[in-house]
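Reviewing the structure listed below.
All residue numbers in this chain count up from 1 along the given sequence. Just the heavy atoms: all of them, side chains too, but no hydrogens, waters or symmetry mates, feed the values below.
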Amino acid sequence: MKQVICAFGQNYKIFLAVAAILAVQLFGAGKLHLCGAILIGAILTLFWFLSTAARLETIIGMSVERAKRIMLIGLLFRLGMVFAVLGVAVHISDELFIASASCFGTFYLTALVILARYGRR
């Protein structure tokens, strides 16, 4: 968990750059009212990776069967949270849903790149 937080903490400038690019794209498209979707996507991604890291830290030293069950429950919990948030977004507007889902995907890929870069060190 400390490694994930450290990786994100050291590379927060990359997240800020991605958020700025997404905000400029929304501003350029005249969709300034959707800038909250950037925050929604960032928070969902942060929640996803921190809960995954916490689960991985929890299963260290457990039996394989128990570890699989805990990781599966965690995956279902995280997917449920993502679907709940995006479900609320789709009820507000289709544009907000698409923007939130796109931002989540973009931040998710950015986080994977950051973790891969951090793992090489």
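- By the neighbour-count criterion of 12 heavy atoms within 6.0 Å, atom CZ of Phe47 is densely surrounded, having more than that number from other residues, nucleotides or ligands.
- Counting non-hydrogen atoms of neighbouring residues, nucleotides and ligands closer than 6.0 angstrom, the CE atom of Met62 exceeds 12 such neighbours.
- Side-chain atoms of Gln25 and Leu22, non-hydrogen and from C-beta on, do get closer than 4.5 Å to each other.
- Within the 4.5 Å cutoff, no side-chain heavy atoms of Leu26 are placed close to those of His33.
- Hydrophobic clustering keeps Leu39 apart from Tyr108 (ILVMFWY residues linked when any side-chain heavy atoms are closer than 4.5 Å, directly or through intermediates).
- Between Arg55 and Ile70 there is a side-chain heavy-atom pair separated by less than 4.5 Å.
- Considering all non-hydrogen atoms of both residues, Ala99 and Ala37 come closest at CB-CB, 3.5 Å.
- Ile43 is not listed as a side-chain neighbour of Phe107, based on a closest heavy-atom distance of 4.5 Å or more.
- Cluster annotation: Trp48 and Phe97 are assigned to the same hydrophobic cluster (Ile/Leu/Val/Met/Phe/Trp/Tyr, side-chain heavy-atom contacts under 4.5 Å, transitive).
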Legend entry - Verdict with supporting geometry, Phe49 and Leu115, side chain to side chain contact (heavy atoms under 4.5 Å, CB included): CA-CA 10 Å; Phe49 278 101; Leu115 290 176; 3.6 Å; yes
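- The hydrophobic clustering, which links ILVMFWY residues whose side-chain heavy atoms are closer than 4.5 Å, places Phe27 and Val18 apart.
- Using a 4.5 Å cut-off between side-chain heavy atoms of Ile, Leu, Val, Met, Phe, Trp and Tyr, with links allowed through other members, Phe77 and Leu79 fall into the same hydrophobic cluster.
- Thr45 OG1 to Phe104 CZ: the interatomic distance, rounded to the nearest 0.5 Å, is 5.0 Å.
- The line from CD1 of Ile40 to CG of Leu96 is 5.0 Å long, rounded to the nearest 0.5 Å.
- When all heavy atoms of Ser51 and Arg78 are compared, the closest pair comes out as OG-CD, 2.7 Å.
- In this structure, SG in Cys103 is found 10.5 Å from CG in Leu44, a value given to the nearest 0.5 Å.
- Between atom NZ of residue Lys68 and atom CD1 of residue Ile59 there is a gap of 11.5 Å, rounded to the nearest 0.5 Å.
- A continuous path of ILVMFWY side-chain contacts below 4.5 Å connects Leu112 to Leu75, so both sit in one hydrophobic cluster.
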